[in-house]
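Down below is the structure, laid out as structure tokens.
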Amino acid sequence: MSEVVLSLRGVSRTFRTAARVVEVLKRVDLEARRGRLLAVAGPSGCGKTTLLHIAALLDAPDAGERIFDGIDVSGLGGADLARLRRERIGMVFQRFHLLPHRSALENVAFRFRYTTVPAREARERAREALDSVGLSAVAHTPARLLSGGEMQRVAVARALALPPLLLLADEPTGNLDADAARHVMDLLAGCRPRGIAVLVATHNPRWVAECDDIVRLDGPSPKQVPG
Amino acid sequence: MTAAVRFLADVRDGLRSRPGRTAIAFTGVAIGLFALTLTVGVLRGFQERARRLTAELGAHAAALLQAPAAGDSERASETPLARRHLEALRAAAPDAVWSGLDARAAEGPDGRHSFWLVRTDEHLARARNWTLVDGRFLDAVDVRDGAAHAVATEAALRLFGWRPGDLVAIGDRILRLVGTVSGGDAPSEPAAGIVGASAPAVFVPWTTALRGTGGPGSDRIDALHLAADSEAGLRRAIGIAQRVLAAPDLAPADATWVTPESLLRGLRRWRTGVIWGTGLLAGLCLLLGGSSLMGLLLSDVRNRMPEIGLRLSLGARPPDIAVLFLAEAVLVTALAAAAALLAAWPVLGMLSRQTAIPFDLRGLSVPVVLGAALLLGAAFSYVPARLAARTSASEALRND
């Protein structure tokens with residue numbers, strides 16, 4: 001098993017509209033390694049989310065090479081990419097993306113929605129994941145009634161319920177107060193001993209400083225540097 | 001099992017996220033399907049009535065009916081149908097089976113019910129394609145001798161408690177019941193003035209002297225029946241009869257041909273009107289209901305972009321997303337179909353009793369309505385489902 005979970009080489013991405021052409025990413029290189037937090041830093045609009053979507057195999061770059069868990073994913077079809085996302089990638093979003101009518105526990109168990117894990121087992125593993133983020137007390141509370149911090153912890157539990165190789169967090173603290181943000185960052189840091197590679201997109205220098213490696217997207221040709 | 005439970009939970013979630021709009025779409029589709037149920041019920045009802053009318057007349061059979069006269073004196077001055085017409089037709093078209101009858105309502109032996117007392121010849125059962133349930137029909141000897149024999153319908157036997165072989169008092173005579181005929185499932189109420197074998201009736205030779213009838217001396221005929229071995233044979237026999245009866249000395253006054261075609265003509269006019277009315281209503285309501293369902297789903301696709309993105313990020317494939325919206329639509333239309341059918345049942349029963357329009361929801365009616373509901377759901381969810389499936393995960397996740 002390779003130490004490097006995800007490797008991007010010379011990745012570029014351009015968006016074309018009727019009015020203009022926007023080159024969002026230009027020859028980005030990065031490597032996400034097991035047990036390390038990699039910060040993708042930069043101001044709003046610099047392409048952090050685009051880079052995360054490319055890393056999550058949700059979007060394809062216009063140029064460059066993507067190696068995920070030793071596999072060059074450029075030649076894979078939609079079904080194979082979906083399988084990789086299902087089995088090996090977890091995601092946390094700035095706006096949580098919880099299903100508001102479902103309970104916290106059901107939201108975590110939703111991680112198994114497209115897997116073959118039996119419903120009972122999925123529920124059991126979801127309960128454990130919810131315990132691990134300290135939210136067993138609100139397991140049966142509908143997600144829409146949770147606080148922002150609780151919602152994000154449920155989202156982290158959902159991403160970790162089926163332990164991924166790569167965890168992608170897109171501005172995970174962007175909508176949280178300081179305490180809640182601290183809690184979420186602690187949860188992400190807890191992925192280190194579990195050997196999970198974490199990619200955190202953030203514009204907050206405090207969280208960037210806590211990561212092991214950094215890719216800054218505000219330069220002409222972004223390269224990864226140690227944190 | 002797990003997959004099915006998860007799938008149903010997804011569909012339930014989708015529907016309850018917009019209860020108001022779901023209810024509007026449900027109501028529109030349910031009204032449309034109710035009207036469709038009405039149309040299908042009418043179609044089926046007319047079909048059944050046509051079948052029974054034809055069954056009542058008999059296969060490849062027709063009748064020439066004497067219109068009822070305003071009074072005996074007036075009737076006497078015209079040229080009513082008589083046995084001489086029958087003899088002339090029998091001679092002109094011997095390939096067909098010809099028979100005649102003179103029917104009048106008579107009081108039953110119980111003094112409470114009436115029955116049809118029919119004077120006829122030995123050919124009537126064949127001319128009407130009746131089934132002999134027991135014994136025999138009147139024969140040539142009965143007719144030649146004016147025998148004290150009678151044949152009753154099953155309905156008459158049931159009504160008066162008679163059994164085959166019984167001696168029964170009819171008018172001023174005691175007659176022996178030599179046979180029983182059945183009219184199958186033809187209606188017991190005679191249509192177009194035709195006495196059927198499903199009605200309570202007793203058939204006696206028209207040569208038998210009987211009080212309350214014209215008696216052996218009367219050659220009056222109320223109805224003249226014929227049967228052929230094929231549709232073509234029937235048309236040929238009717239053509240011959242029309243030519244024969246066009247002769248000045250034979251032309252009957254106020255006699256009307258009743259053929260399968262003429263029986264169904266009136267029915268078809270009704271059917272066309274009712275079906276156009278209900279069909280148009282059904283079409284409009286289904287279009288409106290379907291459009292509101294499509295509107296609901298399209299707005300759902302827009303509103304649920306983050307959810308679509310989340311599902312894709314969790315490993316869903318585009319077909320999984322499409323099926324989700326398709327299933328939601330099909331569930332709404334299937335529930336609407338169930339509601340429409342449940343509501344239609346008592347309403348159609350009431351309409352059937354209070355109007356002349358026949359309704360029938362048996363047979364394929366229910367599967368037709370359910371099938372239409374599923375098709376409707378699939379058709380109107382196609383565009384939203386396709387749109388949802390083609391959504392880029394990256395764009396969906398940005399759509400906050």
Side-chain angles (χ1 to χ4, degrees), chain A residues 13 15 24 49-60 77-102 106-107 109-123 144 155 158-159 161-162 164 168 170-171 174-175, chain B residues 1-23 296 299-328 331 385-386 388-400:
Chain A
R13 182 74 169 99
F15 290 103
V24 179
T49 298
T50 302
L51 183 64
L52 252 67
H53 288 172
I54 287 172
L57 315 182
L58 290 168
D59 194 7
D80 289 327
L81 293 174
R83 187 176 50 77
L84 286 177
R85 282 197 299 272
R86 189 160 56 232
E87 294 170 358
R88 304 188 200 180
I89 298 174
M91 282 196 86
V92 176
F93 309 95
Q94 181 175 0
R95 289 184 191 269
F96 328 126
H97 291 340
L98 300 183
L99 302 175
H101 293 285
R102 296 201 189 185
E106 286 168 335
N107 266 282
F110 197 64
R111 176 69 184 93
F112 301 92
R113 171 62 184 87
Y114 296 101
T115 68
T116 54
V117 175
R120 188 185 295 270
E121 186 187 336
R123 216 171 159 77
R144 64 180 185 279
R158 179 178 64 197
L162 181 63
L168 301 152
D170 188 4
E171 297 277 11
N175 278 353
Chain B
M1 183 66 183
T2 294
V5 169
R6 284 172 177 166
F7 186 68
L8 287 176
D10 285 352
V11 172
R12 182 202 59 191
D13 257 22
L15 292 180
R16 75 177 178 177
S17 64
R18 306 248 172 272
R21 297 194 65 161
T22 304
L296 164 80
S299 105
D300 242 14
V301 171
R302 280 191 295 274
N303 291 322
R304 291 167 67 185
M305 276 289 171
E307 182 193 325
I308 293 171
L310 171 70
R311 287 176 184 275
L312 291 169
S313 79
L314 292 177
R317 294 162 306 128
D320 298 325
I321 305 294
V323 165
L324 190 64
F325 285 88
L326 188 79
E328 284 180 22
L331 184 67
R386 192 175 150 88
R390 295 175 72 158
T391 301
S392 137
S394 187
E395 279 173 34
L397 284 169
R398 286 173 201 271
N399 201 309
D400 276 342

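Fair warning: this is a prediction, and the values are worked out from it, not measured in the lab. The sequence lines fix the lettering, A, B, ..., with proteins before strands; numbering per chain opens at 1.
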Option in [options] with maximal non-hydrogen atom pairs under 4.5 Å from chain B:
options	answer
A:R83, A:H53, A:R111	A:H53
A:L57, A:V117, A:L52	A:V117
A:R120, A:R158, A:E106, A:R102	A:R102

Proximity breakdown for A:L58 and chain B, heavy-atom pairs closer than 4.5 Å: both
Contact part of A:F96 toward chain B, heavy-atom cut-off under 4.5 Å: side chain, backbone, both or neither?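 Neither part.
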Rounded distance [0.5 Å steps], CZ in A:R95 versus CG in B:L397: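 It comes to 12.5 Å.
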Interatomic distance, B:R317 atom CZ to A:L81 atom CG [nearest 0.5 angstrom]: 12.5 Å
Checking heavy atoms, do the side chain of B:D320, its backbone, both or neither come under 4.5 Å from chain A? side chain
Before you tell me yes or no, could you show the steps for B:R398 and A:T50 under side chain to side chain contact (heavy atoms under 4.5 Å, CB included), namely the whole-Å CA-CA distance, both residues' side-chain angles and the distance that decides it to 0.1 Å? CA-CA 9 Å; B:R398 286 173 201 271; A:T50 302; 2.6 Å; yes
Neighbour count above 12 (heavy atom, 6.0 Å) for A:E87 CD: yes
Quick check: under 4.5 Å, non-hydrogen atoms only, which of residues 307-316 of chain B neighbour chain A? B:E307, B:L310, B:R311, B:L312, B:S313, B:L314, B:G315, B:A316
